[in-house]
Amino acid sequence: YDGIIASVQEDLLAADVTKRSDTVLGYRWRVDDVSTSNDGDSNLIYRAMINTSSGRVTVSGRLVGYDNQISGQGQCELIDS
């Protein structure tokens with residue numbers, strides 16, 4: 001769950017997916033019209049890398065027009081649906 005995405009997007013977002021290696025997948029997606037305290041609205045570009053063998057994930061995001069980057073990492077767990 002991402003509160004930023006939920007604040008501007010009601011539906012699921014599509015992501016571009018690339019296979020980086022046999023065990024690593026890369027994802028990229030964009031959220032438009034994110035409110036900022038400085039200049040009104042901006043677009044937020046996210047990237048994620050998931051290691052499918054270990055479950056390790058790293059996620060980063062950057063507001064277009066700003067130098068700062070947000071990032072995090074964690075562990076994914078496969079849940080049967």
Side-chain angles (χ1 to χ4, degrees):
Y1 177 82
D2 185 305
I4 295 171
I5 293 174
S7 71
V8 297
Q9 184 75 31
E10 292 181 16
D11 297 323
L12 297 175
L13 289 173
D16 295 323
V17 181
T18 56
K19 185 175 181 179
R20 306 290 300 235
S21 71
D22 287 341
T23 60
V24 177
L25 296 173
Y27 297 83
R28 294 179 71 107
W29 66 98
R30 177 182 175 123
V31 180
D32 293 327
D33 302 325
V34 175
S35 293
T36 65
S37 59
N38 295 336
D39 297 323
D41 293 344
S42 185
N43 300 322
L44 183 57
I45 298 172
Y46 282 97
R47 291 186 309 170
M49 301 290 262
I50 298 177
N51 185 311
T52 57
S53 64
S54 69
R56 183 143 177 90
V57 61
T58 58
V59 179
S60 64
R62 187 178 63 81
L63 279 169
V64 174
Y66 295 85
D67 293 332
N68 298 3
Q69 179 172 296
I70 54 174
S71 63
Q73 57 189 4
Q75 194 71 27
C76 289
E77 178 181 341
L78 181 62
I79 299 173
D80 293 328
S81 57

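Numbers here are sequence positions counted from 1.
Between the CE atom in Met49 and the CZ atom in Arg28 there is a gap of 10.0 Å [rounded to 0.5 Å]. To the nearest 0.5 Å, atom CG of residue Asn43 and atom CG of residue Leu63 are 8.5 Å apart. Asp16 contributes atom CG, which lies 11.0 Å from atom CH2 of Trp29 (distance to the nearest 0.5 angstrom).
Side-chain atoms of Ser42 come within 3.5 Å of backbone N or O of Val64 as a donor-acceptor pair. Thr52 contributes a side-chain N or O that, together with a main-chain N or O of Thr23, makes up a donor-acceptor pair within less than 3.5 Å.
Partners of Gln73 under the side chain to side chain contact (heavy atoms under 4.5 Å, CB included) rule, at least two apart in sequence or in another chain, are Arg56, Thr58. Applying the salt bridge (charged side-chain N to carboxylate O under 4.0 Å, His left out) test to Arg20 and every residue at least two apart in sequence or in another chain returns nothing. By the side-chain hydrogen bond (donor to acceptor under 3.5 Å, both in side chains) test, Ser53 pairs with Asn51, sequence neighbours left out.
With hydrophobic clusters built from ILVMFWY side chains whose heavy atoms lie under 4.5 angstrom apart, Leu13 shares a cluster with Val59. Taken together through direct or relayed side-chain contacts under 4.5 Å among Ile, Leu, Val, Met, Phe, Trp and Tyr, Ile70 and Val57 form parts of separate hydrophobic clusters.
In plain terms, the two heavy atoms of Gln69 and Ser60 that are nearest each other are NE2-CB, 3.5 Å.
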Should Leu25 and Lys19 be marked as a side-chain contact (heavy atoms from CB on, under 4.5 Å) after you check the CA-CA gap, both sets of side-chain angles, and the distance that decides it?
CA-CA 5 Å; Leu25 296 173; Lys19 185 175 181 179; 4.3 Å; yes
